[in-house]
Amino acid sequence: MSAALRFDDRVAVITGGGRGLGREYALLLADRGAKVVVNDVGGTLTGDGADAGPASAVVGEITEAGGQAVACTESVATAEGGQAIIEAALREFGRIDILIHNAGNVRRAPLAQMSYEDFDAVLDVHLRGAFHVVRPAFAAMTEAGYGRIVLTSSIGGLYGNHDVANYGVAKAGIIGLSNVAALEGAASNVVSNVIVPAAVTRMAEGLDTSAYPPMGAELVAPTVGWLAHETCSVTGEIMVALAGRVARAYIGETRGVYRQAWTIEDVAENLAEIRDTADPVIFPVVPDGHADHIRYSFGMAAQAVQR
Ligand code: NAD
C-alpha cells in the first residue's frame, strides 16, 4: 500500500464547509493534518438566512478528533465576504495553500419565468462567489509560490438541467474561471481544477433517491482531496465523482473539415464529417490550449495550401 497522502502544515479554506460535501472535505483534510477554515453562512437551500451552527459544528467535530479548524460565517456572495474568508486563513494560520470553493444554493424556475433576483442569487454564490474567494487567494498563492484550487461545477453545468438556467450558467462559468487560474498560476506552482460532484445531500430534497446506489459525500471527498494535495499532477482539468465512479470530463473537438471557401450548403453537405467524433482532438488548457487550438486550425489551412 502506498504511503498516506497528508496535508501537515497546509492551510485549507473550504466554502460551504458546514454541510453536505463541504463538511466531508473539511473532515477528510483535517484528519490528514490540514488546518481548515470552515466557511459557511448556514442559510437555507435557496441561500436565505444565516446560522452559525453548521460551521461551528464541523469545527467542533474536527477539534474533538484532535485536528485544527476555525469557523468563518462570512458570505462568499460579496467581494468583502470573499476577502474576509481568505483573510481568516491568513490571520488564524498565516497562509493559504488550498481553496475549495464549494458553497452553493439552488433556486428553481422554468427559463421564461426565472426572476432576475433568482438568477443573480445563484450566480452570486456559485460564480461570482468563486471570483470573490479565488481573487484574494490567488494573489496570496502566487506570491507564496504554491496553491491548490478546486472549484465546483455540476452535471448541470456540463449538460444543463430543467428549471435551473441560473445554476447551469454559474456551473459552466466556473470552468472558465478555473482554466484562467490554471494558466495564470502555472508559473507559480498554483494549480486549479474543477470537481463535478454528486451525492445525496439536502440538495437532493424532493427527489426520489430510493433506487440510487450508495451515493454519499464520502465517495466524492477523496477525489477532491487528491486535487487539493501537493502531488496533484493535473491542472485546468475537470474530474467527475459520483456514486463511486471517478472520471475525467474534458472539452474535445472533432478533427473538422477544411475548405478554402464555404457556403451554407457546404456546411450541410459536410455535416457528418464536421460532427464525426471518432479520433477527437483535445487541447490541454495548460500549457497553451488557446494557442494550440488556433495553431491546429491554421495547420489545416497551411496543409491545404501546400497540396
Ligand atoms: P449543501 O446545501 O448540503 O451545502 C452547501 C453549503 O453551502 C450549505 O451549508 C450552505 O449554508 C453553504 N452556503 C450557501 N451559500 C453560501 C454563501 N453565500 N457563503 C458561504 N456558504 C454558503 O449542498 P451540497 O450538496 O453539499 O453542495 C455542495 C456543492 O456541490 C455546491 O456547489 C453544489 O452546487 C455542488 N453540487 C452538488 C451536487 C449534489 O449532488 N449534492 C451535485 C452537483 C454539484
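Along the sequence shown, residues are numbered consecutively beginning with 1. Both counts, for ligands and for their atoms, begin at 1 and track the order of listing. FYI, side chains are in, hydrogens and waters are out, and symmetry mates aren't considered; it's all heavy atoms of this structure.
Annotation: atom 36 (N) of ligand 1 to nearest protein heavy atom, Y167 OH, 3.6 Å. Looking from atom 19 (N) of ligand 1 to the surrounding protein, the closest heavy atom is V76 N, 3.1 Å. Looking at atom 16 (C) of ligand 1, its nearest protein heavy atom turns out to be V41 CG2, 3.4 Å. Looking only at protein heavy atoms, the nearest one to atom 31 (C) of ligand 1 is N102 O, 3.1 Å. What sits closest to atom 13 (N) of ligand 1 on the protein, heavy atoms only, is A103 CB, 3.9 Å. When only non-hydrogen protein atoms are considered, atom 38 (C) of ligand 1 lies nearest to P197 O, 3.8 Å. If you check which protein heavy atom lies closest to atom 37 (C) of ligand 1, you get L21 CD1, 3.7 Å. The nearest heavy-atom contact from the protein to atom 10 (C) of ligand 1 is D40 OD1, 3.3 Å.
Both I14 and L27 belong to a single network of hydrophobic side chains, linked directly or stepwise wherever heavy atoms of I, L, V, M, F, W or Y lie under 4.5 Å apart.
The residue R23 has no part lying near ligand 1, judged by heavy-atom distances below 4.0 Å. Contacts between S153 and ligand 1, counted as non-hydrogen atom pairs separated by less than 4.0 Å, involve the backbone only. When non-hydrogen atoms are compared, ligand 1 lies under 4.0 Å from the side chain of V125 (C-beta onward) but not from its backbone.
Close N/O approach between L45 and ligand 1 is not found [any backbone or side-chain N/O within under 3.5 Å]. When only interatomic distances are considered, the shortest N/O to N/O separation between S154 and ligand 1 does not fall below 3.5 Å. By the 3.5 Å distance cut-off applied to N or O atoms, G22 is not counted among the residues near ligand 1.
Between R10 and E230, some side-chain heavy-atom pair lies under the 4.5 Å cut-off. At a threshold of 4.5 Å between non-hydrogen side-chain atoms, the residues D9 and D97 do not count as touching. For the pair V169/V122, no side-chain contact is recorded, criterion being any heavy-atom separation below 4.5 Å from C-beta on.
With a 6.0 Å radius and a threshold of 12 heavy atoms from other residues, nucleotides or ligands, F131 has its CZ atom at or below the threshold. The local environment of CD1 in I282 is crowded, with over 12 non-hydrogen atoms from other residues, nucleotides or ligands closer than 6.0 Å. Other residues, nucleotides and ligands contribute over 12 non-hydrogen atoms within 6.0 Å of the CZ atom of R255.
Of all atoms in ligand 1, listed by their number and element, those nearer than 4.0 Å to a heavy atom of A198 are 39 (C), 40 (O), 42 (C). In the vicinity of S75, heavy-atom distances shorter than 4.0 Å reach the ligand 1 atoms 17 (C), 18 (N), 19 (N). Against a heavy-atom cut-off of under 4.0 Å, G20 is close to the following atoms of ligand 1: 3 (O), 26 (O).
No side-chain donor-acceptor contact under 3.5 Å links S192 to the backbone of G236. D40 contributes a side-chain N or O that, together with a main-chain N or O of G18, makes up a donor-acceptor pair within less than 3.5 Å. Put simply, the side chain of T254 never gets that close to the backbone of T277: no donor and acceptor are under 3.5 Å apart. A donor-acceptor distance shorter than 3.5 angstrom exists from the side chain of T15 to the backbone of N102, with no hydrogens or angles considered.
Of the listed options D124, T152, T201, T201 places a heavy atom closest to atom 25 (O) of ligand 1. If you check each of G82, A50, G17, G104 against atom 14 (C) of ligand 1, the one with the closest non-hydrogen atom is G104. Closest to atom 41 (N) of ligand 1 by heavy atom, among G81, G49, A243, A199, is A199. Closest to atom 2 (O) of ligand 1 by heavy atom, among H132, M203, R202, H126, is R202. Taking each of D51, T15, V38, N39 in turn, the one with a heavy atom nearest to atom 20 (C) of ligand 1 proves to be N39.
Geometrically, R295 does not engage F283 in a cation-pi contact, judged by NZ or CZ lying under 6.0 Å from the ring centre and within 45° of the ring axis.
Taking a 4.0 Å cut-off on heavy atoms, G42 registers as neighbouring ligand 1. Every heavy atom of N105 sits 4.0 Å or more from the atoms of ligand 1.
To the nearest 0.5 angstrom, T231 atom OG1 is 13.5 Å from R6 atom CZ.
Remark: R108 does not engage D163 in a salt bridge, criterion side-chain N to carboxylate O under 4.0 Å.
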